[in-house]
Amino acid sequence: MDDFEHYRCRHIYLKQSDEASKQAEAACNAVAGLEGMLLAAPTDTHSLHLIYSLDHISFELISDLLDELGFECEESILLSLRNTFYQFLEENARDNMDIDVASFEETSSEVHEIPHQSPDKYWEEYH
């Protein structure tokens, strides 16, 4: 993977609150100093724009941290589904970061044949 493939750009939507300490600017200040966080900027009073490196942090960790700090994320069905996709994709990307693709290349031109069994074998097991 190239370095730019390790970066993620995400929006997080907070539940609306009139309390300034629960709004986007306060949330950005809370996560701005995290290792791997490149940008934490409020888009409006209730949404954050984040750019971070998967080498250090993930969407799930950011969401959990915001929750621990008392920021309530919007939990509509579509946003919950989107967040689940983000977590799944990032988990897979982080799991595959250290894999050497060259190890999957075949070193010989040998063709491997898949063993086949007679279809009658399965029927014999049921008798």
Side-chain angles (χ1 to χ4, degrees):
M1 284 182 142
D2 293 332
D3 287 341
F4 67 89
E5 291 180 3
H6 293 204
Y7 298 119
R8 296 296 182 264
C9 177
R10 303 284 189 239
H11 281 93
I12 294 180
Y13 297 93
L14 303 174
K15 286 187 178 180
Q16 294 190 6
S17 173
D18 291 332
E19 192 176 332
S21 65
K22 302 292 182 192
Q23 293 182 356
E25 188 171 345
C28 287
N29 291 335
V31 298
L34 295 174
E35 184 177 358
M37 185 67 64
L38 301 175
L39 172 73
T43 310
D44 59 28
T45 56
H46 305 295
S47 65
L48 297 81
H49 180 158
L50 306 174
I51 299 176
Y52 55 92
S53 172
L54 285 179
D55 293 325
H56 302 284
I57 197 163
S58 69
F59 184 80
E60 183 176 18
L61 291 172
I62 294 168
S63 297
D64 289 346
L65 176 64
L66 289 173
D67 187 49
E68 283 184 33
L69 294 174
F71 296 99
E72 294 182 57
C73 294
E74 185 64 46
E75 295 178 0
S76 69
I77 292 173
L78 291 177
L79 286 176
S80 294
L81 184 62
R82 180 203 68 168
N83 294 347
T84 301
F85 282 133
Y86 283 168
Q87 291 173 8
F88 174 77
L89 293 171
E90 288 184 6
E91 185 177 316
N92 283 338
R94 290 178 70 138
D95 288 344
N96 295 324
M97 280 180 163
D98 297 324
I99 293 177
D100 181 18
V101 179
S103 67
F104 293 109
E105 295 176 359
E106 289 189 31
T107 55
S108 67
S109 60
E110 191 176 309
V111 176
H112 301 284
E113 189 173 317
I114 299 173
H116 295 283
Q117 296 178 347
S118 167
D120 294 334
K121 176 189 179 298
Y122 298 107
W123 289 110
E124 291 170 3
E125 292 177 3
Y126 291 109
H127 292 288

- Message: I need the S58 OG to Y52 OH distance, nearest 0.5 Å.
- Response: 6.5 Å

- Within 6.0 Å of CG in L81, more than 12 heavy atoms from elsewhere: yes

- dist D67:CG -> E72:CD (nearest 0.5 Å) comes out at 8.0 Å

- Message: My understanding is that only residues two or more places apart in sequence, or in another chain, count here; which of them pass ring pair (Phe, Tyr, Trp, His ring centres under 6.0 Å) with H11?
- Response: H49

- Message: Ignoring hydrogens and geometry beyond distance, is a side-chain donor-acceptor pair present between E19 and S21 at under 3.5 Å?
- Response: yes

- Which heavy atom of A32 sits nearest a heavy atom of A40, and at what distance? CA-CB, 4.1 Å

- Query: Does some side-chain heavy atom of L34 sit less than 4.5 Å from a side-chain heavy atom of L65?
  - Reply: yes

- Message: Before you tell me yes or no, could you show the steps for H46 and Q23 under side chain to side chain contact (heavy atoms under 4.5 Å, CB included), namely the whole-Å CA-CA distance, both residues' side-chain angles and the distance that decides it to 0.1 Å?
- Response: CA-CA 6 Å; H46 305 295; Q23 293 182 356; 4.3 Å; yes

- Rounded to the nearest 0.5 Å, how far does OH of Y13 lie from CG of N83? 10.5 Å

- Taking all heavy atoms of A41 and all of C28, pick out the closest pair and write down the distance. C-SG, 3.3 Å

- Message: I need the L38 CG to R8 CZ distance, nearest 0.5 Å.
- Response: 12.0 Å

- Quick one: which residue pairs count as a salt bridge (Lys or Arg N to Asp or Glu O under 4.0 Å) with a foot in residues 32-57, not counting sequence neighbours? none

- Task: Check whether L69 and M37 end up in the same hydrophobic cluster, where Ile, Leu, Val, Met, Phe, Trp and Tyr are linked by side-chain heavy atoms less than 4.5 Å apart.
- Result: yes

- Query: In Å and rounded to the nearest 0.5 Å, what is the CD to OG distance from E68 to S63?
  - Reply: 11.5 Å

- Message: Between S47 and L14, is there a side-chain heavy-atom distance shorter than 4.5 Å?
- Response: no

- Query: Taking C-beta and beyond as the side chain, do S53 and H56 meet within less than 4.5 Å on heavy atoms?
  - Reply: yes

- Could you give the distance from CZ (R94) to CD1 (I57), rounded to the nearest 0.5 Å? 8.5 Å

- Message: Tell me if the CD atom of E74 is crowded by more than 12 foreign heavy atoms within 6.0 Å.
- Response: yes

- Message: Counting neighbours of CG on N92 that are heavy atoms of other residues, nucleotides or ligands and sit closer than 6.0 Å, is the number greater than 12?
- Response: yes

- Item | V31 vs L50, side chain to side chain contact (heavy atoms under 4.5 Å, CB included): CA-CA, chis, key distance, verdict | CA-CA 9 Å; V31 298; L50 306 174; 4.1 Å; yes

- Among the clusters formed by ILVMFWY side chains lying less than 4.5 Å apart, do L39 and Y7 turn up in the same one? yes

- Query: Less than 4.5 Å apart, any side-chain heavy atom of T43 and any of L48?
  - Reply: no

- Item | Within 45° cone of Y86 ring axis and under 6.0 Å: R10 NZ or CZ | yes

- Query: Are any non-hydrogen side-chain atoms of C9 and I51 less than 4.5 angstrom apart?
  - Reply: yes

